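This report refers to the structure that appears directly beneath it.
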Amino acid sequence: EDSQVKVNGFRVELGEIEEILACQPGVAAAAASVHRGQIAAYVVPAESEPLGDAAPPTAEDRFVASLRSVCAERLPSYMVPQYWTTVGEIPLSANGKVARSRLPEPEQRGGAALSGGRLVEPADELEASVRAVMARILRCEASSLCCVTGHFFERGGDSVSALRLLIALRSELAAELAVQQLFADPTVHGIATAIRPARSAAEGGAAESGAVGGDSAESSVRQLRLVCLQPGQGSCKPPLVLVHAAGASSLGYLPLSRLLGPQQPVYAIDDTSLTGGAPFGFGCIDDVAVECVELVREQLGDALASGITLGGWSYGGVVALQMAARLAQDGRGGGMRAVLMFDSPLAQTEGLGFHRGSGETGAALVQTLRAQLEPLATGGDDGAALDTLATNAVRHFEECNRLLDSHDPAATAMVCCPLVDIRPHMSECKFLNSLSHLTSDAVHEYTVDGDHWTMLFGANTQGVAAVIRPFLA
């Protein structure tokens with residue numbers, strides 16, 4: 001049977017997963033398949049007796065955990081199996097290949113890992129409610145989610161489903177969860193812990209200082225926040241900081257960050273107005289850049305001197321360039337390594353299909369975006385959340401385009417680092433004829449697969465990652 005499949009938009013060679021698993025100690029044979037849109041791994045233990053029958057339950061869990069750890073180290077995140085099953089043998093076809101259609105129904109282990117040999121149930125009503133919402137978004141049984149180890153993103157959550165989760169928590173549980181809090185602990189227990197203080201204050205009728213999950217009162221209403229997408233696992237590599245695009249969350253950069261490898265620290269500027277957390281309050285691109293620089297200075301101060309790379313898709317790339325110009329003006333641009341611009345409109349954006357001048361406005365825009373979001377969402381049937389997300393995204397898109405309309409990139413101060421101009425084959429953005437006057441360093445131009453809207457989705461993301469890796473080394 002064909003071992004090449006497509007999972008969440010990525011092309012996956014199941015044989016590559018099988019090869020890694022088969023050569024691990026304690027594994028006699030291995031196979032991989034696809035179940036409900038996720039990768040399932042099957043392993044035959046080298047021991048003469050099945051682990052599940054001959055050993056305590058935790059022995060099998062430790063065995064699977066060790067295999068999953070190996071896959072996480074050697075494979076991109078989208079190729080790490082979400083289902084793990086130990087079997088007595090791998091079914092083979094007449095010509096000796098894996099008969100995937102004859103593999104048994106997989107067990108839900110991995111993202112739904114066990115704790116102490118058993119799945120941890122909700123500790124209270126709030127955790128039960130959070131688990132129900134998360135399960136619906138992920139399209140899985142709530143009973144399969146371990147409250148302390150059931151990782152939202154490891155269970156198949158993506159950027160669109162994460163935004164739907166934030167919106168659903170607000171509408172159904174009256175709970176505000178920031179993107180950085182979701183990343184800090186994307187489990188049922190972690191989410192419940194983050195939203196509990198604010199809910200307790202609201203239920204008690206008193207406003208407590210400290211906002212959700214221990215954030216300061218100031219940050220609870222701050223429009224922009226710096227989110228850690230990938231800490232870098234103790235790496236000393238300079239961080240990459242990406243700015244959100246118009247109408248898009250910083251979560252959209254999550255697949256790209258995973259493709260850059262676990263040693264690469266990746267941060268992103270996120271706009272809470274996209275999910276209704278704060279009103280849009282900027283008057284020009286430079287205002288946004290100043291706030292972004294302040295966020296980076298507050299949380300990554302040392303990196304400004306030792307080295308940092310800025311970047312962004314579309315609107316985000318324009319802001320990143322303005323950030324670099326600000327740092328150069330302030331005498332803090334010496335540590336800048338590069339500015340990465342993913343199809344950024346360094347001129348007014350009449351060419352973009354979503355621009356106000358395109359003839360689509362209001363409800364028509366919302367319906368267009370909702371239709372584009374629906375196939376990208378991971379499971380679930382919460383149409384109201386998609387409607388809210390589409391409405392917020394259109395509003396945010398128009399606000400960002402208002403800033404682009406009044407921005408003159410030709411007047412941007414010169415930066416002192418390389419500019420990396422990455423455009424898809426079918427770019428719709430209008431560009432300046434030359435970027436050389438914007439930097440005292442080199443300009444690098446690359447072309448990747450896709451168009452303006454798809455260059456960072458699915459398999460196209462791999463091409464972007466390949467282009468930018470040398471600038472992060």
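For the numbers below, each heavy atom of this structure counts, side chains included, while hydrogens, waters and symmetry mates do not. Just so you know, these numbers come straight off a predicted model, no measurement behind them.
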Fill in the blank from the handout: Rounding to 0.5 Å, atoms CG (Leu260) and OG1 (Thr461) come to a distance of 10.5 Å

Practice task
Heavy atoms only: give me the nearest Gly312-Leu242 pair and the separation to one decimal.
Solution key: N-CD2, 4.1 Å

Exercise for the section: Sort out for me which residue in Thr447, Val467, Asp343 forms a side-chain contact (heavy atoms from CB on, under 4.5 Å) with Ile422. Expected result: Val467

Fill in the blank from the handout: Interatomic distance, CZ@Phe397 vs OG@Ser314, rounded to 0.5 Å, equals 6.5 Å

Fill in the blank from the handout: All heavy atoms of Ala466 vs all of Pro470, minimum pair found to be O-CD, 3.5 Å

Completion exercise
Taken to the nearest 0.5 Å, the spacing of Leu295 CG from Tyr267 OH works out to 13.0 Å

Handout entry: Sub-6.0 Å ring centroid separation between His244 and Tyr315
Key = yes

Problem - Ile468 side chain near Tyr446 side chain, heavy-atom distance below 4.5 Å - result: no

Fill in the blank from the handout: Rounded to the nearest 0.5 angstrom, the CD-CG distance for Glu291 and Asp286 is 12.0 Å

Exercise for the section: Determine yes or no for a side-chain-to-main-chain donor-acceptor pair under 3.5 angstrom, with Gln230 supplying the side chain and Gly261 the backbone. Expected result: yes

Problem - Minimum-distance pair of heavy atoms, taken over all atoms of Val179 and Ser250 - result: CG1-OG, 4.4 Å

Exercise for the section: Indicate the ring-plane relationship of His35 and Tyr83, choosing parallel, tilted or perpendicular according to the 30° and 60° boundaries. Expected result: perpendicular

Practice task
Find out whether Met134 and Ile191 are in side-chain contact, i.e. whether some heavy atom of one side chain is under 4.5 Å from a heavy atom of the other.
Solution key: yes

Exercise for the section: Taking Arg225 for its side chain and Thr272 for its backbone only, find out whether a donor-acceptor pair lies under 3.5 Å. Expected result: no

Practice task
Starting from the C-alpha separation in whole Å, work towards a yes-or-no answer on side chain to side chain donor-acceptor pair (under 3.5 Å) for Asp271 and Ser273.
Solution key: CA-CA 5 Å; Asp271 192 334; Ser273 70; 2.7 Å; yes

Exercise for the section: To the nearest 0.5 angstrom, please state how far the CG atom of Leu240 sits from the CG atom of Leu256. Expected result: 7.0 Å

